[in-house]
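Notes for the one structure printed next.
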There are 2 protein chains.
Amino acid sequence: MPQRPAKKCLHCSMHRKTGNFCSHLSDAELENLSNKSRTATLKRGEALHSADLLTWPVVAISSGVISMQHLLEDGRKTIAAFFMAGDIIDMRGISSRNRGHLIALNKTDICRLSPTAFEQISETNLDAQRVIWSNLRTQNYRAMDHSADLAKKQALEKLASFIFECRGRQVVDICKNSVIIPVRRIDLAEYLGMQPETVSRCFKDMETRGIIEFKSISHIKILSIPTLRRIANGDKNTQNMRPSCKVLSYG
Amino acid sequence: MPQRPAKKCLHCSMHRKTGNFCSHLSDAELENLSNKSRTATLKRGEALHSADLLTWPVVAISSGVISMQHLLEDGRKTIAAFFMAGDIIDMRGISSRNRGHLIALNKTDICRLSPTAFEQISETNLDAQRVIWSNLRTQNYRAMDHSADLAKKQALEKLASFIFECRGRQVVDICKNSVIIPVRRIDLAEYLGMQPETVSRCFKDMETRGIIEFKSISHIKILSIPTLRRIANGDKNTQNMRPSCKVLSYG
DNA sequence: CGGCAAGTTGAGCCAGGTCAACTCCGGTGG
DNA sequence: CCACCGGAGTTGACCTGGCTCAACTTGCCG
């Protein structure tokens, strides 16, 4: 007698939201996967230990933010990627070589998926397979976009891009102009390859130029999407967009 | 009567080299895929047009280097990723939104795989599925590593990392110390988010410090792998490693 | 209400970007 | 065979965006 859906999945966002892997499983598959998997809640700063990742290399995130962090010899730290609700971290076959540490930036609910059950589902359930695949592809192209941002953009431009990235990723969008920054300034700085001080200055700059408005420290309202877009795209002529006439800066 | 293997695949590195997707196909699968696919050779600078990518979103690379390039408003250009022999570029489901352009950096042999044949194989041939998957995962983690490099490393450190990346990716390694840089300085600079001038200066620095040696403009011999590794890892105390005694730089 | 972490502001400085001149090298044509 | 050409790479001199360090403010939690 299959109780459907598996009890512990009932309130999990991974199962509830279409577009996520778990919502494409049959009752039997979900039951099986659920029984063999382990949920957990991480506090800010807690890590997914590499020892655990060897036995549980596939982790689904149901809420919160997990970062992939790299550490340099002298203490410089970088966040290479954010994983958020719906993402599947798949460390199968990633050699134990220094791949960075997975560290929660928030209170985060995760589900360590049984590798065998996961593999079996991905082999037999084409629907689920496509979702997993698509998630991985998205992660991949997101990482490449991020590389492009880091490589040549200036601080202000990176921050503008980041606001759009957050907007695109947030699960509930209250409104097209409202963006929640789900991480601390420090984490943001490490993700964008800049200093917290610089992040602060850039936000301030956008605010005084009337492009964004802070509802709270982590809640932004975008006042001029076009201007922000142009900044993100590296357009240098956005200084004078406010007073409707565009002053040429040559000469 | 299946002629095995498909004629045009006979000399293709994708089919010949184990570890690549095509080498895991049955004769029938290869025959079918081969018939429905289109090979092509690109010259330096030629692009995979987005129109083509709509109908042929899956491209396998058999030799050469393809870059994913992003362009900013004011002409700044970035290379977000390199794709090399064995890589599969999978643009299925990537919205036509500005995802960057795929441009050859060399004479490059590609094979546009029939999406239907590719999909069918990936659903039925578990062996092949695993290879595709693993390739995508590798691309993903490579992109994240690259992000980490770009975010916080200094020019010299990025270059050192890049040398190791090339070493890790090169197909034929003549010798553990020999590394071929498969792209021009300009492309390298765009990939690492720096200026060609800076690339030049950093190479020079490594050379004068006796860490690497240039056999030709694109052929490096690493003279001290440990030093190069330490630079890549962000260790600041590599200046004085040569004269066997390590001079402390404090005080 | 104190204590601490996070965030902000200000002042000074340097790694690496920018610009311009020069060298190197492979290809082409007389 | 050499002169010429153009793109790639290198070198030097200068300049600036953002890093650094230090002081200060804010906000959260017990």
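Computed from a predicted structure; not experimentally measured. Sequence lines set the chain letters: A, B, ... in the order given, protein chains first and strands last, and positions in each chain run from 1.
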State, yes or no, whether a side-chain contact exists between B/Phe162 and B/Asp149 at a heavy-atom distance under 4.5 Å. no

In Å and rounded to the nearest 0.5 Å, what is the NZ to SG distance from A/Lys17 to A/Cys12? 12.0 Å

If you measure from OG1 on B/Thr78 to CG on B/Leu150, what distance do you get to the nearest 0.5 Å? 9.5 Å

Can you check whether A/Lys176's main-chain N or O pairs, donor with acceptor, with A/Arg167's side chain at less than 3.5 Å? yes

Nucleotide range of DNA chain C lying under 4.0 Å from chain A heavy atoms: C/dA6 to C/dA11

Along nucleotides 12-27 of chain D, 5' to 3', which nucleotides get a B, which get an S, and which get a -, given that the test is a protein heavy-atom distance under 4.0 Å? BB---SSSBB------

To the nearest angstrom, the CZ-P distance between B/Phe203 and D/dA8 comes to 17 Å

Interatomic spacing from CH2 in B/Trp56 to CD1 in B/Ile110 - rounded to 0.5 Å: 10.5 Å

In whole Å, I'd like the distance from the CD1 atom of B/Ile220 to the P atom of D/dG9. 13 Å

Report the relative orientation of the aromatic rings in A/His146 and A/Tyr191; use parallel for angles under 30°, tilted for 30 to 60°, perpendicular for over 60°. parallel

Rounding to 10 degrees, work out the angle separating the end axes of the helix from C/dC1-D/dG30 to C/dG30-D/dC1 (five pairs an end). 40°

Side-chain touch B/Glu73/A/Asn237, heavy atoms, less than 4.5 angstrom: no

Atom CD1 in A/Ile181, atom CG in A/Asp187: separation rounded to 0.5 Å? 12.0 Å

Does the distance from a Lys or Arg side-chain N to an Asp or Glu carboxylate O, for A/Lys152 and B/Asp74, drop under 4.0 Å? no

Between D/dA8 and B/Arg184, is there an OP1 or OP2 to side-chain N/O distance shorter than 4.0 Å? yes

Just do the side-chain hydrogen bond (donor to acceptor under 3.5 Å, both in side chains) check on A/Lys8 and A/Thr39 with the steps written out, would you? CA-CA 9 Å; A/Lys8 72 174 166 188; A/Thr39 59; 5.0 Å; no

